[in-house]
Undergrad: 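To start, I am sharing the structure in question, which I have written as structure tokens.
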Amino acid sequence: MIRLFDTLRREVVELRPRTPGEVSLYVCGPTVYDVPHLGHARTAVTYDVLRRYLTWRGVDVKMVSNITDVDDKIIARAAEEGSSEADVAARFSDVYVRELEALGVAAPDERPRATEYVDEMVSFTAELLARGVAYVIDGAGVYFDVGRYPDYGRLPGRSPEGLLEGAGARVAVDDRKRDPLDFALWKAAKEGEPTWDAPWMPGRPGWHIECVAMALGLLGDGFDIHGGGSDLIFPHHENERAEAEAAGRRFARLWMHSAMVNVEGEKMAKSAGNFRTLADVLAAQDPRALRLAMLQAHYRTTIEIDEAALASAAAGVQRLDAFARRVGALGAPGGGSGAAPTPDCGEARAAFAAAMDDDLGTPAAVAAIFDLARWGNVRLDESDAVGAIEALATVQELCGALGLEVGPTGRADEDDGRDAVQRRVDERDAARRARDYATADEIRSELATAGIELEDTPAGTVWRRVR
RNA sequence: GCAUCGGUGCCCGAGCGGACGAAGGGAGCGGCCUGCAAAGCCGUCUAUCGCGGGUUCGAAUCCCGCCCGGUGCUCCA
């Protein structure tokens with residue numbers, strides 16, 4: 001039984017899919033007006049892990065994650081650099097997709113763009129107008145009438161009055177709106193902005209309606225999980241919910257929100273100017289280190305990703321790789337040799353699943369993996385090849401369910417300069433056999449300078465490139 | 001202001017009433033292994049679980065108060 005925290009109900013609940021054995025998942029993606037930062041990475045990793053784990057559990061997952069490619073900020077950016085909105089969106093969308101892939105985030109089944117769904121948004125808006133839960137303000141746009149949706153405020157856990165407090169002072173309210181909380185479904189066209197035709201006036205869609213159109217359109221009514229970053233709870237997700245349900249549609253059955261990434265104790269945000277780009281981290285670190293660092297904290301707690309956290313996680317990843325390398329040095333006869341899983345692999349698997357079933361307890365799941373790796377290393381020390389191979393296979397399988405690829409890195413047989421390096425390694429081995437340790441150590445430090453690390457194992461000297 | 005989350009060892013970070021005599025990772029130290037290393041294993045070191053009350057047979061875990069910090073309140077992943 002898989003349990004997840006539902007933001008709407010404010011408690012961990014059993015995941016009861018619309019169709020047993022299948023889970024439909026919609027995750028809010030980014031507005032592509034700039035390069036992705038660590039916050040985007042965390043959200044993407046969170047749902048990538050959810051999806052991979054469910055799949056590992058035998059659930060058939062259909063995942064949709066959108067890209068918002070029409071928005072005020074994209075328009076502003078285009079104006080700023082004298083390019084087109086389409087160009088800005090295409091460019092940053094490409095970067096987003098590419099960098100997430102480098103992070104090991106699998107592509108969703110569908111990655112719809114808002115601009116591809118304008119027709120659906122127009123008809124949805126028409127439906128809301130027809131139902132009398134939305135109204136037109138000439139020259140301004142079409143607005144959702146919050147007063148017609150009594151449940152408004154439940155997702156963020158606030159009353160409508162509470163939502164207004166402190167907010168009114170910050171935002172200029174159009175006094176033609178019936179309620180300050182009313183929000184735009186459609187924005188009237190402005191000179192030079194991307195514009196589409198609509199029965200009421202030419203213009204462009206508001207933000208929230210795109211997700212409603214795409215989620216309902218691709219996953220259908222009453223889809224299982226809607227996720228995103230916790231900063232989207234209000235207003236974005238609450239407005240989506242209001243729109244869909246006011247139109248008489250059953251929306252998400254469960255709401256998930258991943259927590260923020262902080263920088264020096266404060267939320268990382270483009271608007272705060274303190275963000276760290278994904279590209280920076282990817283360039284400096286093994287992408288797996290970033291993923292592990294995120295997995296070692298629960299998805300609902302705020303994390304701080306700094307050099308220390310990254311270095312610590314990188315060391316952990318290396319430890320797992322080293323285990324794989326040690327097993328590999330056995331000259332393993334491929335696979336688990338048909339042996340029945342040893343008890344400890346079963347225990348690890350059970351601990352892993354129990355942790356993950358409980359609201360995606362990745363920290364405990366990761367702990368189970370490290371425990372198993374240690375156990376496998378002991379098997380190795382005791383010359384139990386079958387046990388060690390089995391342990392590695394299990395470690396890799398469980399890591400795979402978290403999107404972490406573990407294996408021998410910097411492998412000698414894939415190295416460009418392998419012949420030259422191997423020659424020196426052989427020379428060193430010869431020197432060692434002759435007990436000429438001075439020469440042997442000289443060669444070792446020479447190779448170390450060149451970024452080659454040596455390990456003398458019972459099966460011979462293994463080397464790998466570390467940089 | 002209102003709402004909400006959190007304060008656990010040297011660092012990160014789980015746990016959220018009973019095998020906690022507090023997971024896991026990282027760092028340190030000692031040992032084994034090694035020609036020496038590396039890797040690995042074993043052992044070990046830092047924890048009055050923010051502070052003060054309370055409930056309970058029993059609290060890191062529940063309640064009350066206080067202190068400190070984060071986040072949200074129509075830019076946001």
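First the proteins, then the strands, lettered A, B, ... as listed; each starts at 1. Atoms considered below: every heavy atom in the structure, side chains included; atoms not considered: hydrogens, waters and symmetry mates.
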Undergrad: Nearest to the side chain of A:His37 - B:rA77, B:rC76, B:rG70?
TA: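 That would be B:rA77.
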
Undergrad: Identify whether any heavy atom of A:Gly39 sits under 4.0 Å from a base atom; if not, whether one sits that close to sugar-phosphate; answer base, sugar-phosphate or nothing.
TA: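 Touches a base.
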
Undergrad: For the C1' atoms, the ones on B:rC75 and on B:rG65, what distance do you get once it is rounded to whole angstrom?
TA: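 37 Å, rounded to whole Å.
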
Undergrad: Please give the distance between the C1' atoms of B:rG58 and B:rA19 as a whole number of Å.
TA: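 That atom pair is separated by 14 Å.
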
Undergrad: Please tell me which of the listed nucleotides, B:rG40, B:rC76, B:rC75, lies nearest to the side chain of A:Trp207?
TA: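 The closest nucleotide is B:rC76.
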
Undergrad: Of the candidate nucleotides B:rC41, B:rA77, B:rC36, which contains the atom at the shortest distance from the side chain of A:Arg444?
TA: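 Between B:rC41, B:rA77, B:rC36, the one nearest the side chain of A:Arg444 would be B:rC36.
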
Undergrad: Going by modelled atom types, is there a donor-acceptor pair between the base of B:rC76 and the side chain of A:Asp34 at under 3.5 Å?
TA: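 No, the side chain and the base share no sub-3.5 Å donor-acceptor pair.
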
Undergrad: Between A:Arg432 and A:Asp456, does any side-chain N to carboxylate O distance fall below 4.0 Å?
TA: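 A salt bridge links A:Arg432 with A:Asp456.
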
Undergrad: Take atom P in B:rU48 and the same atom in B:rA22, then report the distance between them in whole Å.
TA: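 After rounding to an integer number of Å, I get 13 Å for this pair.
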
Undergrad: Does a side chain donor of either A:Asp182 or A:Tyr135 reach within less than 3.5 Å of an acceptor in the other side chain?
TA: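 The criterion, which ignores hydrogens and geometry beyond distance, is satisfied for A:Tyr135 and A:Asp182.
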
Undergrad: Does A:Glu193 have any salt bridge (charged side-chain N to carboxylate O under 4.0 Å, His left out) partners at least two apart in sequence or in another chain, and if so, which?
TA: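 With neighbours one apart ignored, the set is A:Arg204.
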
Undergrad: Between B:rG9 and B:rG70, how far apart are the two C1' atoms, rounded to whole Å?
TA: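 Here B:rG9 and B:rG70 have their C1' atoms 22 Å from each other.
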
Undergrad: Between B:rG17 and B:rA3, how far apart are the two P atoms, rounded to whole Å?
TA: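 Approximately 25 Å lies between the P atom of B:rG17 and that of B:rA3.
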
Undergrad: Suppose we screen for ring pair (Phe, Tyr, Trp, His ring centres under 6.0 Å). Which residues come up paired with A:Phe251, at least two apart in sequence or across chains?
TA: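 Residues passing ring pair (Phe, Tyr, Trp, His ring centres under 6.0 Å) with A:Phe251: A:Phe223, A:His226, A:Trp255.
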
Undergrad: With sequence neighbours left out, what residues match A:Thr115 under side chain to side chain contact (heavy atoms under 4.5 Å, CB included)?
TA: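 A:Asp69, A:Val70, A:Arg113, A:Trp196.
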
Undergrad: How is A:Arg42 classified with respect to the nucleic acid when contacts are heavy atoms under 4.0 Å: base, sugar-phosphate, or nothing?
TA: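 If one applies the 4.0 Å heavy-atom cut-off, A:Arg42 turns out to touch nothing in the nucleic acid.
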
Undergrad: Run the side-chain hydrogen bond (donor to acceptor under 3.5 Å, both in side chains) test against A:Glu455 and tell me which residues pass, sequence neighbours left out.
TA: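 Applying side-chain hydrogen bond (donor to acceptor under 3.5 Å, both in side chains) to A:Glu455 gives A:Arg325.
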
Undergrad: Quick one: label A:Leu181 by what it contacts on the DNA or RNA (base, sugar-phosphate, nothing), any heavy atom closer than 4.0 Å.
TA: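 Since a base atom lies under 4.0 Å of A:Leu181, the category is base.
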
Undergrad: Between the protein and nucleotides 24-30 of chain B, which nitrogen or oxygen pairs come in under 3.5 angstrom?
TA:
| from | atom 1 | to | atom 2 | distance (Å) |
| --- | --- | --- | --- | --- |
| B:rG25 | OP1 | A:Arg319 | NH1 | 2.9 |
| B:rG25 | OP1 | A:Arg319 | NH2 | 3.4 |
| B:rG25 | OP1 | A:Arg374 | NH2 | 2.9 |
| B:rG25 | O4' | A:Gln296 | NE2 | 3.3 |
| B:rG26 | OP2 | A:Arg319 | NH1 | 3.4 |
| B:rG26 | O4' | A:Ser312 | OG | 3.0 |

Undergrad: B:rG30 and B:rA37: how far apart are their P atoms, nearest whole angstrom?
TA: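 One P to the other, the span is 12 Å.
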
Undergrad: Start at the 5' end of RNA chain B and walk down; is the nucleotide closest to A:Phe234 or to A:Arg432 reached first?
TA: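 Checking each residue's closest nucleotide, the 5'-ward one belongs to A:Arg432.
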
Undergrad: Would you say the ring centroid of A:Phe352 lies under 6.0 angstrom from that of A:Trp56?
TA: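 Ring-ring flag for A:Phe352/A:Trp56: true, centres closer than 6.0 Å.
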
Undergrad: Side chain of A:Asp441: nearest nucleotide among B:rG40, B:rC75, B:rG35?
TA: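 Nearest to the side chain of A:Asp441 among the choices is B:rG35.
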
Undergrad: Between B:rC33 and B:rG52, how far is it from one P atom to the other, in whole Å?
TA: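 To the nearest whole Å, 49 Å.
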
Undergrad: By a strict heavy-atom criterion of less than 4.0 Å, which residues belonging to residues 298-306 of chain A are in contact with RNA chain B?
TA: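 Residues of residues 298-306 of chain A that come under 4.0 Å of RNA chain B are, in numerical order, A:His298, A:Thr301.
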
Undergrad: A:Asp381 or A:Thr457: which one's nearest nucleotide on RNA chain B is closer to the 5' end?
TA: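 Whichever sits nearer the 5' end wins; that is A:Thr457.
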
Undergrad: May I ask you to say what A:Leu454 touches in the nucleic acid, namely base, sugar-phosphate or nothing, with a heavy-atom cut-off under 4.0 Å?
TA: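 Base, at least one base heavy atom under 4.0 Å.
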
Undergrad: Applying side-chain hydrogen bond (donor to acceptor under 3.5 Å, both in side chains), name anything that partners A:Gln318, two or more places apart in sequence or on another chain.
TA: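 A:Gln318 satisfies side-chain hydrogen bond (donor to acceptor under 3.5 Å, both in side chains) with no residue once adjacent residues are dropped.
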
Undergrad: Pick base, sugar-phosphate or nothing for A:Val261, based on heavy-atom distances below 4.0 Å to the nucleic acid.
TA: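 The residue A:Val261 makes base contact.
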
Undergrad: Quick one: side-chain hydrogen bond (donor to acceptor under 3.5 Å, both in side chains) partners of A:Arg154, sequence neighbours excluded?
TA: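 Testing A:Arg154 for side-chain hydrogen bond (donor to acceptor under 3.5 Å, both in side chains), a comparison that skips the adjacent residues, returns A:Asp151.
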
Undergrad: In whole angstrom, give me the gap between the P atoms of B:rG24 and B:rA14.
TA: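 One P to the other, the span is 15 Å.
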
Undergrad: Apply salt bridge (charged side-chain N to carboxylate O under 4.0 Å, His left out) to A:Glu210 and list each qualifying residue two or more places apart in sequence or on a separate chain.
TA: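 Residues passing salt bridge (charged side-chain N to carboxylate O under 4.0 Å, His left out) with A:Glu210: none at all.
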
Undergrad: Ring of A:Trp463, cation from A:Arg465 - is the NZ or CZ under 6.0 Å from the centre and inside 45° of the axis?
TA: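 The answer is no; the distance or angle limit is not met.
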
Undergrad: Tell me every residue that passes side chain to side chain contact (heavy atoms under 4.5 Å, CB included) with A:Pro108, counting only those two or more places apart in sequence or in another chain.
TA: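 For A:Pro108, the residues satisfying side chain to side chain contact (heavy atoms under 4.5 Å, CB included) (neighbours in sequence not counted) are A:Met63, A:Ser65, A:Arg111.
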
Undergrad: Base, sugar-phosphate, or nothing for A:Arg428, non-hydrogen atoms under 4.0 angstrom?
TA: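 Base, at least one base atom sits under 4.0 Å.
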
Undergrad: Test: side-chain hydrogen bond (donor to acceptor under 3.5 Å, both in side chains). Region: residues 352-365 of chain A. Which pairs qualify, not counting sequence neighbours?
TA: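 Those involving residues 352-365 of chain A are A:Tyr53-A:Asp357, A:Arg57-A:Asp357, A:His298-A:Asp359, A:Tyr299-A:Asp359, A:Arg300-A:Asp359.
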
Undergrad: Is A:Asn262 near enough to B:rG70 that one of its side-chain N or O atoms lies under 4.0 angstrom from OP1 or OP2?
TA: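 No, outside the criterion.
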
Undergrad: In dot-bracket form, 5' to 3', how is RNA chain B paired? Count Watson-Crick and G-U wobble pairs only if both distances fall under 3.5 Å, and write | where the partner sits on another strand.
TA: ((((((((.[[[..)..(.....]]].(((((.......))))).....[[[[[..)....]]]]])))))))....

